[in-house]
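Since the structure comes first, as structure tokens, the remarks are kept for the end.
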Amino acid sequence: MSTIMTNPWIHGGPDSLGAPRFDFSTNTNACGPCPMALAAVRATDATLYPDPQYTVLRQRLAEFHGVVPARVLLAGSSSEFIFRITAWAHQQGVRTVHLPQHHYGDFARAAQAWGLHRSADEAGALSWACEPSSPLGQAHAGWCLDTARLTVLDRAYAPLRLSGTSSLSDAQLDQVWQLFTPNKALGLTGVRAAYVIAPANSGAAVDALQLLAPSWPVGAHGVAMLLAWVTPEVQAWLADCLPVLRDWKARQISVLQNLGWTVQPGDAH
Ligand SMILES: Cc1ncc(COP(=O)(O)O)c(C=O)c1O
């Protein structure tokens, strides 16, 4: 049965008192913001609606991931898509959710909103995975691609991976819904935009998920950020961040260990 939280609105980052001086909870890239992405967002023309089909953006994201554009779905944010795919799963008759022990709270909130019960049995469930995991940055344990009704892999921290590799092969990744939110890696979490690579041969499901979205789920600033995300300049900037983050992480671990803390291993920043 569900052990879902009763106060669902607690997040890290800013609150009614403003931005915290030190934020260890949102896991945004500490080297950010990415100057090129920030400039693109600032330069965007906010007087116009984006293309409602996001044709160019979906094409660019598809090229970036080596998939056909029909597999690319735009979302207002990861959080928005988490609710949308939970709604769709419910529409398909799914009534249980399978969650990692530690997880981003919206997985459980969305399940609660749609009356899905948390179950240790993954058979027929909406199964969530996050790798590198949140908050520990570790490999996901307990994949159930063959038994779950659908698996959604939250890849928020994949671009900020500092060690290790994905547990899933390319063929296995083709079986899951991959959710990407580049605002973390770009240090632009205030820009709300994300995208999904749907499993191969999931055309009907993609259509249904598009039907569940309002018009223009991503605004002009989100489009600018996602278009910037796939450019070689921004990817080169991100690649340059990784050794810096590795160094900062090693220094932080050493400080904590000198204070007598036990630090859990993790592959992310
Ligand atoms: C694992 C994970 N997924 C998704 C999100 C939210 O992403 P978005 O900003 O796209 O809503 C967070 C935010 O903390 C997160 O930690």
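Because the structure is predicted, anything quoted here is derived from the model rather than measured. Note that ligands are numbered from 1 as they come in the structure, with each ligand's atoms numbered from 1 the same way.
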Using atom types as modelled and distance alone, determine if a side-chain donor or acceptor of [X] lies under 3.5 Å from a backbone N or O of [Y].
X: S133; Y: G137; answer: yes
X: W216; Y: P50; answer: yes
X: E131; Y: R155; answer: no
X: K249; Y: A268; answer: yes
X: D23; Y: T26; answer: yes

[X] N/O to ligand 1 N/O under 3.5 Å:
X: Y104; value: no
X: N27; value: no
X: R192; value: yes

Exercise. Would you mind listing every ring-ring contact (aromatic ring centres under 6.0 Å, His included) that reaches into residues 245-269, with sequence neighbours excluded?
Key: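 Sorted pair list: Y157-H269.
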
Quiz item: Quick one: side chain to side chain donor-acceptor pair (under 3.5 Å) pairs with a partner in residues 135-153, sequence neighbours left out?
Solution: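 Sorted result for residues 135-153: E122-T147.
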
Just to confirm my output: which protein heavy-atom neighbour is closest to [atom], and how far is it?
atom: atom 7 (O) of ligand 1; result: S78 CB, 3.4 Å
atom: atom 3 (N) of ligand 1; result: D154 OD2, 2.5 Å
atom: atom 11 (O) of ligand 1; result: S79 OG, 2.6 Å
atom: atom 15 (C) of ligand 1; result: Y157 OH, 3.5 Å
atom: atom 13 (C) of ligand 1; result: K184 NZ, 2.7 Å

Give the contacting part of [X] toward ligand 1: side chain, backbone, both or neither, where contact means a heavy-atom distance below 4.0 Å.
X: S134; value: side chain
X: C130; value: side chain
X: T189; value: neither
X: H11; value: neither

Self-check item: Geometric class of the F180/Y195 ring pair [parallel <30°, tilted 30-60°, perpendicular >60°]
Solution: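 Parallel: the ring planes of Y195 and F180 meet at under 30°.
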
Self-check item: V97 side chain near F107 side chain, heavy-atom distance below 4.5 Å
Solution: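 Side chain of V97 against side chain of F107, heavy atoms only: no contact under 4.5 Å found.
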
Quiz item: For ligand 1, which atoms have a heavy atom of S77 less than 4.0 angstrom away?
Solution: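 This gives 10 (O), 11 (O) as the contact atoms.
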
